[in-house]
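Data block below; observations after.
All figures in this text were calculated on a predicted structure; none of them were measured in a lab. These values consider heavy atoms only, across backbone and side chains, with no hydrogens, waters or symmetry-generated copies.
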Amino acid sequence: LVGPPSKKERIMSQIICSNCGTIGTPKTITKGSIMIEIVLWIFFIVPGIIYSIWRLTTRAKACRSCGAENMLPLNSPMGKKLKNDLKQSA
């Protein structure tokens with residue numbers, strides 16, 4: 001049984017983007033193109049496998065607003081500093 005996330009888990013999942021300052025949960029991005037992957041799988045099996053492995057290893061968490069990969073947990077020292085800096089400048 002998996003219940004709703006605890007308060008601690010929700011806080012841990014909160015991140016701040018050091019690029020645009022957005023606070024929230026990150027999205028997962030995968031580099032490359034799904035269409036290229038499909039074509040490689042259909043016509044060339046070995047390159048398709050290599051391309052799929054490369055795509056899987058380049059997955060990263062990114063900001064939902066700007067797509068930047070430089071995200072910081074809100075409970076980290078740098079995350080807290082960035083949040084306070086943005087709050088003061090607003």
With a 4.5 Å cut-off on side-chain heavy-atom distances among I, L, V, M, F, W and Y, is there a chain of contacts connecting [X] to [Y]?
X: F43; Y: I36; answer: yes
X: Y51; Y: I49; answer: no
X: I42; Y: F44; answer: yes
X: W54; Y: I29; answer: no
X: L86; Y: M78; answer: yes

Between atom [atom1] of [X] and atom [atom2] of [Y], what is the distance when rounded to the nearest 0.5 Å?
X: K81; Y: L72; atom1: NZ; atom2: CG; value: 11.0 Å
X: L56; Y: T30; atom1: CG; atom2: OG1; value: 7.5 Å
X: K27; Y: M71; atom1: NZ; atom2: CE; value: 10.0 Å

Do the side chains of [Y] and [X] get nearer than 4.5 Å, heavy atoms only?
X: R64; Y: T22; value: no
X: I23; Y: K83; value: yes
X: C17; Y: S65; value: no
X: I16; Y: K80; value: no

Polar side-chain atom of S18 near backbone of N70 as donor-acceptor pair, under 3.5 Å: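 It does hold such a pair.
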Closest contact, heavy atoms only, E69 versus A60: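 For E69 and A60, the tightest heavy-atom pair comes out as OE1-CB, 3.6 Å.
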So which atom in S33 and which in R55 form the shortest heavy-atom distance, rounded to 0.1 Å?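 Here S33 and R55 meet closest at N-NE, 3.9 Å.
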